[in-house]
Amino acid sequence: MAWRCLRVATGRRGWWDASPWGTPLFAAEQRATLVNVKLKWVKDRALDAAVSRERNLRTAHHLLDLVFSRPGHRVSRSDLLAERSVQRLCGSAYSALEFLGRYHTLFAVSRGGVSLTRAALDLRQREVDCLCVIEHDLVARLRRLLMLTLPRSLPLHTIDLLRWDLGLPSDYQASILRRYPEHFALEQPEGDERVWLRLLSWDDLLAVSELEKSADGGDTTCLPFPVSFTRGFGLRSKCVEWLREWQALPYTIPYADASGLDRRTDVSEKRNVGVFHELLHLTVAKRTERQNVSNMRKLLGMPQKFTKVFERHPGIFYLSRVLGTQTVVLREAYSGRSQLLEKHAHPLVAIRKEYSTLLRAALPPRTRGRKRHEAFSKQDEGCDMGGDEFELSE
């Protein structure tokens, strides 16, 4: 099963195909120690384009949400600029006004205040209607996220970091949490300044990973992950051998108790990969910023430097470095394209794409092209693009 994945991933036959029955020449061993594999980062322009397409979208959406929530969908400039979130996003009142004026396809700015254009107002209303329709899906995503954690709870700050990626509305505490008291509870542990969201109800039907679902009722003991690489990504034979053996290791369900696993083994690392594989599946666009999960180590039962799995497994994850941050993308959801595959499509992603189209329509044609070029060329500086290199040591 695992070697068949390698054949698909690499697009060629290899020594694992030597047997006429398609079985490997030897069984994969469960390594006692973690194999040290170092891989160079290789740019994937299609996935970078998918990430850079949302340039300024979150800032614009936040401002649009603030304006839409006011009576008559209109707010004075002084009230809008006084919002702490606006100051944090834009840096200054001047920058905020410049941003609003630049994207005239979304915002109408006048002396009387800030309102929304007809196109923005219609699109926002469609988004609100969509959120009502998919509310149960959002609740399930949030419950599954909490089920991935050891204490079945997360600080609200951590959920706020993931809110956009999960598709939750900005007022999710009022519009979702309070409406489902049988599932969620807010609490503040003694001696902790943070407010936590705790899961009250476990659901075995939700505790089925996306990888298990893909097995379609088959054996899930040693499930391999879907693997694909950037075009031109060369795999040395030692790395192919390690990857084949790693794929054939036992698969630990991310919702299961993994306290008995030795964190220094490849089996434990496969469990860590499985947790992030599942977490990324919970996001509507199958991606999130690396920093959003960097503070979840103990909550997910991970070892030190746990996000290194993103570099160690470039066939499963891609680290995009555009927009001044690192974004983890689930490769299988895009399959070498800059658009989500149809089976992973989500109605919120389609609406956000329309928002991005309105944003780009506000820019002069030459500016659109220049900004897209800068998004890539900036990332090339200081990157060694001299070819793919793999090192294997035990």
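Between the side chains of T265 and S268, no donor-acceptor pair is found at a separation under 3.5 Å. Judged by distance alone, the side chains of E332 and H277 do bring a donor and an acceptor atom under 3.5 Å apart. Checking S85 against H62 by side-chain atom types alone, a donor-acceptor pair falls below 3.5 Å. Judged purely by distance below 3.5 Å, without hydrogens or angles, the side chains of D137 and H346 pair a donor atom with an acceptor atom. Side-chain atoms of D165 and T288 include a donor-acceptor pair closer than 3.5 Å. Looking at Y355 and E54, their side chains never bring a donor and an acceptor atom within 3.5 Å of each other. Using a 3.5 Å distance cut-off with no hydrogens or angles, the side chains of R297 and T307 do not pair a donor with an acceptor. When only modelled atom types and interatomic distance are considered, D204 and Y255 share no side-chain donor-acceptor pair under 3.5 Å. One side chain, S76 or D79, offers a donor N or O that lies under 3.5 Å from an acceptor on the other. Residues S175 and D171 bring a donor and an acceptor atom of their side chains to less than 3.5 Å of each other. Between the side chains of R163 and T158, no donor-acceptor pair is found at a separation under 3.5 Å. Counting only N and O atoms by type, the side chains of T327 and Y318 include no donor and acceptor under 3.5 Å apart. Side-chain polar atoms of D129 and Q125 form a donor-acceptor pair below 3.5 angstrom.
Counting heavy atoms from C-beta outward, Q339 and R53 have side chains that approach closer than 4.5 Å. Using a 4.5 Å heavy-atom cutoff, the side chains of P169 and L138 are in contact. Residues L63 and L100 are in side-chain contact: their nearest non-hydrogen atoms beyond the backbone lie under 4.5 Å apart. Between S153 and L197, the closest side-chain pair of non-hydrogen atoms is not below 4.5 Å. Looking at heavy atoms from C-beta onward, F99 lies out of side-chain contact with L89 at the 4.5 angstrom threshold. Between R331 and F317 there is no side-chain heavy-atom pair separated by less than 4.5 Å. The side-chain heavy atoms of L156 and L186, taken from C-beta on, include a pair separated by under 4.5 Å. Proximity of H313 to V227: side-chain heavy atoms (C-beta onward) are nowhere separated by under 4.5 Å.
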The test is salt bridge (Lys or Arg N to Asp or Glu O under 4.0 Å); show your working for K270 and D266 and say whether it passes. CA-CA 6 Å; K270 188 171 181 179; D266 274 352; over 6 Å; no

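Proximity of a side-chain donor or acceptor of E212 to a complementary backbone N or O of I253 within less than 3.5 Å is not detected. No side-chain donor-acceptor contact under 3.5 Å links E241 to the backbone of E245.
Aromatic pair F310/W41: ring centres not closer than 6.0 Å.
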